[in-house]
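Here the structure is laid out as structure tokens; the discussion comes afterwards.
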Amino acid sequence: MSSPNQISNNCPFTPADLDRVRTETFIERIDFHQQIGSTNDRALAINHAVDEKFPLLVLTDSQTAGRGRGANQWWAGSGALTFSVLLATEAAALPMERWPQVSLTVGLAVCEALEESLARGVPETSRDSLPAVQLKWPNDVYIEDRKICGILVEAPTDRQGRLLLGIGINVNNSLADAPEELQSTATSLLDLTGRTESRTDVLIQTLKQLADRLQPAGFWNETVRAGWRRRCWLTGKSIQIDLSVRQATGICRGIDEQGALLLESDDGVEAHFAGVITVVDR
Ligand code: BTN
């Protein structure tokens with residue numbers, strides 16, 4: 001299953017890799033660490049001190065205390081890709097009213113990057129048989145019903161006009177080495193394809209799609225909305241939304257124009273802008 005020029009699955013980022021990121025993407029500055037607790041925590045810690053050069057990328061070879069949404073932790077075994085992008089939102093033309101849709105759009109950019117990774121080396125004529133890359137609203141990415149990427153969007157409180165995109169993608173980390181509870185619910189590119197990928201290539205591809213999708217002209221157009229809808233993993237599934245004050249159950253009817261999740265229950269179709277989703281019946 002492995003390719004002839006297989007790289008070690010925890011092949012560290014080299015200075016040449018970082019140069020590629022700088023020259024091939026919209027990143028202006030890189031804060032690189034061989035090992036760090038959390039790239040989001042690092043970005044939040046230096047946010048007040050950095051004034052120039054955005055977007056800033058915080059990147060690590062190995063993240064040891066990744067945070068997920070709420071109180072969740074993010075497991076990143078050796079070979080995982082974990083990074084955070086700090087944007088100056090005025091410069092990136094992301095006014096505050098657009099921030100809720102940012103999560104979905106970041107998820108879409110990751111889907112597109114992973115589609116490209118999966119298609120690498122596969123003849124055009126065989127691409128229809130590749131697994132679908134899907135978006136679990138609001139911003140998880142799933143392949144073959146398992147989570148491959150988690151996204152944590154945060155707005156730093158110590159400085160207005162900044163937005164932090166934390167992205168964890170399971171690239172060369174096999175879930176066979178993961179905590180037991182993740183083994184049946186998550187996956188990685190390595191587990192799906194049996195071959196290792198250059199994390200730098202996946203990172204660059206993701207950053208390129210992000211730059212494309214977050215730019216003013218591309219952010220809120222029909223192509224982006226159609227991209228969410230087409231990849232919505234929850235559509236047609238029986239789900240429960242935890243809304244803190246109450247729980248709502250019903251059938252997911254997709255994502256609307258504003259990025260809200262549509263839930264059909266006995267009372268009709270409701271649009272939800274927030275909430276934690278559980279799939280009741282696959
Ligand atoms: C989730 O699924 O709940 C979100 C997970 C987000 C994980 C990424 S990994 C890089 C960045 N740094 C963190 O501590 N978390 C995000």
Side-chain angles (χ1 to χ4, degrees), residues 10 13 21 27 30-47 55-87 99-100 102-111 113-114 133-143 145-157 162-173 175 178-179 181-189 199-200 202-207 209-210 231 233-234 241-242 244 261 274-279:
N10 59 1
F13 289 102
V21 173
I27 293 299
I30 302 179
D31 180 62
F32 175 72
H33 302 264
Q34 277 169 353
Q35 188 166 78
I36 201 168
S38 153
T39 56
N40 264 39
D41 286 349
R42 168 71 184 166
L44 289 173
I46 61 173
N47 173 50
L56 163 74
L57 171 70
V58 181
L59 177 67
T60 184
D61 263 331
S62 163
Q63 180 174 262
T64 55
R67 291 191 290 112
R69 285 192 296 281
N72 294 343
Q73 296 175 334
W74 179 255
W75 171 80
S78 174
L81 175 60
T82 50
F83 62 97
S84 302
V85 179
L86 186 59
L87 299 168
W99 290 7
V102 168
S103 296
L104 272 172
T105 307
V106 174
L108 175 63
V110 173
C111 286
L114 291 180
V133 185
Q134 293 180 292
L135 202 51
K136 180 186 173 198
W137 184 92
N139 56 9
D140 290 334
V141 177
Y142 273 55
I143 300 181
D145 295 332
R146 290 166 183 240
K147 182 163 167 171
I148 190 163
C149 166
I151 296 161
L152 181 61
V153 178
E154 298 186 294
T157 49
R162 304 266 170 94
L163 193 63
L164 179 58
L165 315 176
I167 301 177
I169 307 178
N170 296 324
V171 176
N172 295 324
N173 49 322
L175 271 291
E181 66 276 14
L182 295 182
Q183 292 186 4
S184 59
T185 57
T187 191
S188 69
L189 281 180
R199 284 185 301 174
T200 307
V202 178
L203 173 64
I204 287 175
Q205 196 50 40
T206 305
L207 292 171
Q209 290 306 128
L210 267 181
R231 293 179 180 80
W233 179 68
L234 295 170
I241 306 188
D242 187 347
S244 328
L261 192 75
V276 179
I277 311 293
T278 311
V279 175

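Note that this is a predicted model, so its numbers are computed, not measured. Numbering of ligands and ligand atoms starts at 1, following listing order.
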Is the count of non-hydrogen atoms from other residues, nucleotides or ligands lying under 6.0 Å from Glu181 atom CD greater than 12?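 Correct, the count exceeds 12.
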Could you state the interatomic distance from CD (Gln63) to NE2 (His33), rounded to the nearest 0.5 Å?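 Gln63 CD to His33 NE2: 11.0 Å, rounded to 0.5 Å.
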Inspect the contact between Arg69 and Asp140 and indicate whether a charged nitrogen and a carboxylate oxygen are less than 4.0 angstrom apart.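 Between Arg69 and Asp140 there is a salt bridge, with a charged N closer than 4.0 Å to a carboxylate O.
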Thinking salt bridges, do Arg162 and Glu154 make one under a 4.0 Å N-O criterion?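 Result for this pair is no, no salt bridge flagged.
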Strictly distance-based, threshold 3.5 Å: is any side-chain N or O of Asn170 a donor or acceptor partner for the main-chain N or O of Thr187?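 Yes; at least one donor-acceptor contact below 3.5 Å.
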Is the backbone of Asn173 close enough, under 3.5 Å, to the side chain of Ser188 for a donor and an acceptor to pair up by distance?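 Yes, the answer is positive, given that a donor and an acceptor are paired below the 3.5 Å cut-off.
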Output block, N or O contacts of ligand 1, threshold 3.5 Å exclusive:
{"from": "ligand 1", "atom 1": "2 (O)", "to": "Lys147", "atom 2": "NZ", "distance (Å)": "2.6"}
{"from": "ligand 1", "atom 1": "3 (O)", "to": "Arg69", "atom 2": "N", "distance (Å)": "2.7"}
{"from": "ligand 1", "atom 1": "12 (N)", "to": "Thr39", "atom 2": "OG1", "distance (Å)": "3.0"}
{"from": "ligand 1", "atom 1": "12 (N)", "to": "Asn40", "atom 2": "N", "distance (Å)": "3.4"}
{"from": "ligand 1", "atom 1": "12 (N)", "to": "Gln63", "atom 2": "OE1", "distance (Å)": "3.1"}
{"from": "ligand 1", "atom 1": "14 (O)", "to": "Ser38", "atom 2": "OG", "distance (Å)": "2.7"}
{"from": "ligand 1", "atom 1": "14 (O)", "to": "Arg67", "atom 2": "N", "distance (Å)": "2.7"}
{"from": "ligand 1", "atom 1": "15 (N)", "to": "Arg67", "atom 2": "O", "distance (Å)": "2.7"}

